[in-house]
2 protein chains.
Amino acid sequence: MPRTSTKAPAPAGRLASDYRLEDQVGFLLRRAYQRASSNLVDRIGSYDLTAPQYATLARLYERGALSQNLLGRLVAMEPANIRDVVLRLKKRRLVATRRDPTDKRLILIDLTAAGTALVEQLIPIEIACTATTLAPLKANERKQLYDLLGRLADG
Amino acid sequence: MPRTSTKAPAPAGRLASDYRLEDQVGFLLRRAYQRASSNLVDRIGSYDLTAPQYATLARLYERGALSQNLLGRLVAMEPANIRDVVLRLKKRRLVATRRDPTDKRLILIDLTAAGTALVEQLIPIEIACTATTLAPLKANERKQLYDLLGRLADG
DNA sequence: TCGATATCGTTATGATCATAACAATATCGG
DNA sequence: CCGATATTGTTATGATCATAACGATATCGA
């Protein structure tokens, strides 16, 4: 006679009994990113901007005009994805595009005056948001986290 | 006469000169998750499974049958999202669904035999994949990372 | 010069994601 | 008992994401 009902919650039961999803970095990273992203949307959502859109604007603010492809690499987005983001930002007149005269393959993206003004407004909000996300960590732990995450991301 | 052309790359120029996108946790977390997710797809992509799909199967393997809603919470997915994942897994006969007899609102999800067999095949691959992702870190650093990420994710 | 190769942007497909609104069912308090 | 409230699952909308295939343009080497 089996110990409990076959329909029971099956606390651990089968094989690989010591495996836990929580022990997989990918799962942890996904949840941590969800939290960070949620914090950002809570703060800048009223501007109707997503985290990738903000990152795109911020990168343009840092670097000035960039080709669409390079811009994508600098915000870690595939060509097909950065294209859509740029289209949405362009529709809102936050960025402007023009063709590179010397290399006809390239589309140069740059902030408009409105885009620049918006980024300058959002940067302090983003910094506060980062502080919120990092709130559970002490100062030295935050530094450590940056080091570890940076090495993970760069492979 | 201005020092350079107005159209120049604008290395730093404007306001908030010390702001860097790299200093924002969200951006770092997103890139690190991209890396981890990419590592997983490289290894289990031939099974036509994504990271969230694998997480769903793994959770069911750990816990046995769960309501769709609870399952979603346990893999950090919104109700609308876990629904789509379950539909795809169900279409491939990796999970089966039935209504809870005592609470007619609930849909109970459980692994099929094929689903169970697949998870048992994938678990060692996932563990190896996690090792790959963590390769840049030493043992004590990995432990530290888990601690920090866990606290971030839980808020 | 010219052909192979590489890069850039586009298109298409399919899978996450989050949010809001909604119907059906449970639960709880008076 | 029964109405207010909460929970579950669905639907719709819109924004990421990754991948593959493709034309256009650049670049490089023979």
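Remember, predicted model here, so these are calculated numbers, not experimental data. In what follows, every chain begins at residue 1, and chains take the letters A, B, ... in the order their sequences are listed.
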Response to the item:
chain B vs DNA chain D, heavy-atom contacts under 4.0 Å, first-to-last nucleotide span, 5' to 3', is D/dT7 to D/dA18
What is the distance, to the nearest angstrom, from the [atom1] atom on [X] to the [atom2] atom on [N]?
X        : N      : atom1 : atom2 : result
B/Lys104 : C/dA23 : NZ    : C1'   : 14 Å
A/Ile109 : C/dT10 : CD1   : C1'   : 13 Å
A/Leu106 : C/dC8  : CG    : C1'   : 7 Å
A/Asn81  : C/dC8  : CG    : P     : 16 Å
B/Arg105 : C/dT25 : CZ    : P     : 10 Å
A/Leu71  : C/dG9  : CG    : C1'   : 13 Å

Item to complete: Between A/Leu70 and A/Arg30, name the one whose nearest nucleotide on DNA chain C is closer to the 5' end.
Response: A/Leu70
Fill in: Which residue lies more 5' along DNA chain C, comparing A/Leu108 with B/Met77 via nearest heavy atoms
A/Leu108
Could you tell me whether [X] contacts a base, only the sugar-phosphate backbone, or nothing, with contacts defined as non-hydrogen atoms closer than 4.0 Å?
X       : result
A/Pro52 : sugar-phosphate
A/Val41 : nothing
A/Arg99 : nothing
B/Ala80 : base
A/Asn69 : sugar-phosphate
B/Glu78 : base

Practice prompt. Would you mind listing the cluster partners of B/Leu87? Hydrophobic ones only (ILVMFWY), side-chain contacts under 4.5 Å, chaining allowed.
Written response: none
Worksheet item: If we ignore angles and hydrogens, is there a donor and acceptor under 3.5 Å between the side chains of A/Arg73 and A/Asn69?
Response: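 Result is yes, a qualifying pair exists.
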Worksheet entry | A/Thr132 side chain to A/Arg43 side chain, donor-acceptor N/O pair below 3.5 angstrom |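 A donor-acceptor contact under 3.5 Å links the two side chains.
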Worksheet item: What's the shortest heavy-atom distance between A/Ala36 and B/Leu29, and which atoms?
Response: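 Minimum heavy-atom contact is CB-CD1, 3.9 Å.
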Worksheet item: Please walk me through it: do A/Tyr146 and B/Glu22 pass side chain to side chain donor-acceptor pair (under 3.5 Å)?
Response: CA-CA 9 Å; A/Tyr146 274 59; B/Glu22 274 73 17; over 6 Å; no
Worksheet entry | Presence of salt bridge, B/Arg151 and B/Asp147, under 4.0 angstrom | yes
Worksheet item: Do B/Gln68 side-chain atoms and B/Val86 backbone N/O form a donor-acceptor pair below 3.5 Å?
Response: no
Item to complete: Taking only the side-chain nitrogens and oxygens of A/Arg83, find out if one of them lies under 4.0 Å from OP1 or OP2 of C/dT10.
Response: yes
Practice prompt. Take A/Asp84 and A/Thr102, find for each the nucleotide of DNA chain D with the closest heavy atom, and name the residue whose nucleotide sits nearer the 5' end.
Written response: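 With A/Asp84 and A/Thr102 compared, the 5'-side residue is A/Asp84.
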